[in-house]
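The basis for the numbers below is simple: all heavy atoms, side chains too, and nothing from hydrogens, waters or symmetry mates. Computed from a prediction, not measured in an experiment: that's the story for all the values here.
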Amino acid sequence: MATATQAAARAPQTTSRPLRAWQQAALGKYEEESPKDFLVTATPGAGKTTFALTLAARLLSRREVARVIVVCPTDHLRMQWADAADAMGIVLDPNLTNAVGPVRAGTQGYVTTYAQVAGKPMLHAARATTVKTLVILDEVHHAGDGLSWGEAVEEAYGRAARRLCLTGTPFRTKADERIPFVRYVEDGFEGQGGLMSMADFTYGYKEALADNVVRPVVFAAYTGTSRWRNSAGEVVAASLSEAGTRSVEMQAWRTALDPKGQWVPHVIAAMDDRITHLREEGGMPDAAGLVLASDQDDAREYAKIVRRVTGKAPELILSDDPKASKKIEKFNKGGARIAVCVRMVSEGVDVPRAAVLAWMTSYRTPLFFAQAVGRVVRARAPHESATVFLPAVRPLLSLAASMEEQRNHVMPPPKSQPDEELEALDLPPREPREGEMKQWEALEADARFAHVLSSGTAHTGEGSPAVVPLEAEAEDFLGIPGLLTPAQTAELLAKRDDELRARIAASHRNGDDDGFMVVEDHPEEEEAGRSWRDATDLRREINRLVNRIAAKTSTPQAVVHTQLRQSVPGPPSASASVDVLRARRERLRTML
């Protein structure tokens with residue numbers, strides 16, 4: 001492997017800031033080997049996007065490729081990739097759909113999603129083979145979410161000139177569910193014949209922490225007593241932190257997360273207090289927090305609780321909201337304190353000012369945990385730290401304690417599996433079907449600060465640490481906060497715990513959120529000057545002008561569009577260049 005110094009010496013700078021040592025070393029290794037396939041595993045927040053786009057810029061400048069295609073998991077990440085590429089002088093169109101054939105003139109490529117590729121793999125294959133193409137598969141483990149996705153990715157990009165695969169977490173999978181373009185070795189996990197991914201370059205959380213690339217994370221665990229009614233009508237009570245059967249543990253956990261109880265508002269108040277501390281004393285004046293919910297119904301209820309407890313409306317980000325991507329962008333650049341979301345910001349989404357996470361979901365797979373915690377670890381300056389508030393349940397404490405380990409996460413089964421098998425992955429339980437007896441009903445749950453987890457030890461804030469029983473494989477904790485020691489953080493949280501409980505109880509007695517608009521509308525931001533956004537704005541303006549002309553002349557809109565293309569020849573607007581779109585806009589203005 002080339003050293004970081006050797007790689008930096010011969011590699012031209014293509015970013016506005018110096019590349020990190022690991023990025024230089026990875027680029028050096030790639031350029032030494034010039035491979036067709038290359039897999040990079042780098043911890044969330046380390047800078048995989050910058051590495052990939054730097055490589056793309058070099059290949060484009062040397063004319064080793066003429067096009068770049070990025071495949072990512074979500075629509076929002078398409079915009080994020082396009083903006084990052086714009087900053088490096090690479091124009092990637094994030095709005096190219098499967099209904100449009102050619103890639104728009106004036107671009108170096110486009111950004112799409114795994115779902116789009118699965119919709120029309122042959123279309124994407126044609127785009128990837130018309131010219132020499134670098135295909136960047138972001139969070140490539142998503143190609144294992146279902147056999148159809150993996151097969152589609154292989155069909156679409158099997159003949160591409162170069163392929164760069166990226167992931168934030170190493171992974172394992174079964175032999176019949178292998179992800180294309182990834183090298184494997186035999187693993188045999190869980191007594192089954194299995195495969196372990198082999199990265200060409202790896203940069204783990206432990207190395208990133210030592211290099212000050214990511215923030216150290218403190219896990220603040222909150223216990224409490226949950227009471228629920230079971231299917232026999234019996235009332236059951238259990239503590240979150242007490243060892244018990246798996247069934248009792250899961251029911252206590254679910255009850256604590258119920259929006260009607262007191263566990264959620266108490267932890268949100270503690271989270272808000274931590275944000276205030278970071279803003280006023282921690283050197284992060286724009287610090288923000290994320291509340292991660294299990295589903296959209298819970299997310300909406302949690303947003304109301306945030307408004308009631310903090311007095312400020314959060315940003316509610318739901319995947320089926322057409323404004324979801326814009327809300328993430330506004331939250332990233334704005335001053336809002338808290339965003340409530342489901343899974344949309346769990347992977348890849350870049351919100352550097354988010355330094356606090358409240359884990360209010362029943363998801364507990366290692367892969368999901370690592371990706372979600374990764375949203376709050378991106379460091380911007382020395383001495384920043386991140387705090388994750390979570391239920392004091394053994395599965396989450398074990399995951400928190402093993403964050404520093406370089407694990408190969410087991411891929412989830414394909415989506416074609418029946419519900420019963422999916423529930424074994426601790427997805428939110430289904431509501432009973434009509435006519436079925438309700439198996440569980442939440443009654444109430446309170447919350448109490450339990451401890452801050454660090455180095456396998458629970459700091460209670462009472463002068464002496466208390467040992468927390470963890471799984472044998474999870475004894476090594478990831479690090480210490482930058483500004484406060486674990487004991488100081490624990491003391492801070494414990495000192496205000498009674499005060500917060502009283503505050504929440506008072507707001508619960510006096511607050512009334514019925515009919516209250518929780519999510520604030522924020523003013524539109526100026527988006528001019530970005531090349532792919534220029535094309536989007538021009539298409540939108542052309543459509544508005546066509547509508548005005550059609551109304552003014554009583555001419556069908558389709559006829560106006562046809563006349564426009566005759567006056568200004570070129571491809572349809574969806575694939576037209578910026579110059580063509582500008583010419584059409586000017587033509588329409590003369591027709592008014």
Between [X] (side chain only) and [Y] (backbone N and O only), is there a donor and an acceptor less than 3.5 Å apart?
X	Y	answer
Arg279	Ala287	yes
Arg353	Asp286	yes
Thr74	Leu77	yes
Tyr184	Ile179	yes
Gln262	Glu444	no
Arg375	Gln371	yes
Arg215	Arg378	yes
Ser294	Ser362	yes
Arg78	Thr113	no

Taking Lys330 first and then Glu315, would you say they form a salt bridge - that is, a charged N and a carboxylate O separated by under 4.0 Å? no
Quick test of your reading of the model: are Glu301 and Lys304 salt-bridged, counting only N-O distances below 4.0 Å? yes
With a 4.5 Å cut-off on side-chain heavy atoms, are [Y] and [X] touching?
X	Y	answer
Glu249	Arg394	yes
Leu443	Val235	yes
Thr225	Arg448	yes
Tyr205	Val217	yes
Val267	Met360	yes
Arg337	Thr276	yes
Trp253	Arg364	yes

Euclidean distance, [Y] [atom2] relative to [X] [atom1], rounded to 0.5 Å:
X	Y	atom1	atom2	result
Leu166	Thr49	CG	OG1	7.5 Å
Leu316	Gln296	CG	CD	8.5 Å
Leu278	Thr387	CG	OG1	6.0 Å

Between Val213 and Gly45, the two heavy atoms sitting closest are CG1-O, 4.0 Å
Partner of Val342 by side chain to side chain contact (heavy atoms under 4.5 Å, CB included), out of Asp298, Ile317, Leu318, Asp297: Leu318
When Trp359 is tested against each of Phe389, Trp263, Phe368, Phe219 for ring pair (Phe, Tyr, Trp, His ring centres under 6.0 Å), which residue passes? Phe368
Is a side-chain donor-acceptor pair under 3.5 Å present for Thr255 with Ser226? no
